[in-house]
Novice: 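One structure, pasted below without further comment.
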Amino acid sequence: MPIIVNLDIMLTKRNMKSKELAEIIGITTANMSILKSGKAKAVRFSTLEAICKALDCQPGDILEFIED
Amino acid sequence: MKDNANILAFITWGILLSSASILISDINQFDFDQFKEFQNWAKTANKSNTWFTSQNAIQWSYYAISAGLFFWRGYLIYGFSYFLSILKEIEKGNYFSHKNIKYFKKIGNIFIWYTVNVLVLRFLLALTNNSTFNFFNELKAEFTFLIPAGLAFYILGDIFKRAKETEEENKLTI
């Protein structure tokens with residue numbers, strides 16, 4: 001998939017664990033790992049909004065387009 | 001749906017058992033008739049004739065075709081048993097599982113195969129009995145139900161396949 005999820009980088013920058021983020025935004029750790037591994041087919045605007053709020057960042061900081 | 005699955009399984013078991021018992025009683029009946037016919041034939045048969053006389057061949061082909069018809073009826077009952085497997089999957093909560101897709105297609109296959117083969121066998125039976133065989137009358141009787149039902153199950157299988165893809169996509173939407 002040409003859309004890359006850079007959640008790991010943002011988590012390191014904010015010094016936050018993925019489990020903590022999952023708890024804040026209200027998703028399961030299993031879903032968080034799907035999101036981090038890039039297996040997710042889609043991200044809801046509400047989830048993206050919650051992630052941006054929790055990490056104090058822009059959607060572009062989390063998602064990146066790299067052509068195959 | 002899960003609650004209804006038990007009721008539906010109960011009804012399916014009832015249908016399966018009753019149709020199996022009807023089939024067994026028909027086979028039993030056929031055996032008795034066959035025995036009587038053999039007795040009659042033995043009384044009137046010309047002993048000097050070879051075993052493979054034309055009369056014998058017709059008689060045997062009649063039995064073979066009748067056995068074939070019983071086999072296909074059994075196969076149809078076997079097809080019905082797939083409903084139980086589908087209901088079991090539903091009970092587990094796996095509505096759009098690969099198994100259900102496979103079972104729907106198998107039921108569709110069995111319904112269509114049964115119809116086509118029984119039609120061919122009835123045509124052959126009509127030939128051996130020298131009776132008239134009206135293709136459209138045969139189609140009108142029970143086949144009008146089974147061919148569309150078979151196709152419907154095929155289509156249902158495809159719909160379930162698409163539903164499974166959608167379900168997977170939905171699961172992977174965070």
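Lettering of chains follows the sequences in order, A, B, ..., and the numbering in each one begins at 1.
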Novice: Can you confirm whether more than 12 heavy atoms, excluding those of K88(B), are under 6.0 Å from its NZ atom?
Specialist: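 Not buried by this count: 12 neighbours or fewer within 6.0 Å.
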Novice: So, does T47(A) use its side chain to make a donor-acceptor pair with the main chain of I174(B) at under 3.5 Å?
Specialist: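 Yes.
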Novice: How long is the span from the NZ atom in K171(B) to the NZ atom in K39(A), to the nearest 0.5 Å?
Specialist: 14.0 Å
Novice: Counting only heavy atoms from other residues, nucleotides and ligands, does the tally under 6.0 Å from CZ of F65(A) exceed 12?
Specialist: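 Yes, because the 6.0 Å sphere around CZ of F65(A) holds more than 12 heavy atoms from other groups.
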Novice: A quick test of your reading: do over 12 heavy atoms of other residues, nucleotides or ligands sit less than 6.0 Å from NZ of K161(B)?
Specialist: no
Novice: Taking all heavy atoms of R44(A) and all of T173(B), pick out the closest pair and write down the distance.
Specialist: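 Distance-wise, the nearest heavy atoms are NH1-O, 3.6 Å.
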Novice: Going only through I, L, V, M, F, W and Y residues with side-chain contacts under 4.5 Å, is there a path from L146(B) to I22(B)?
Specialist: no
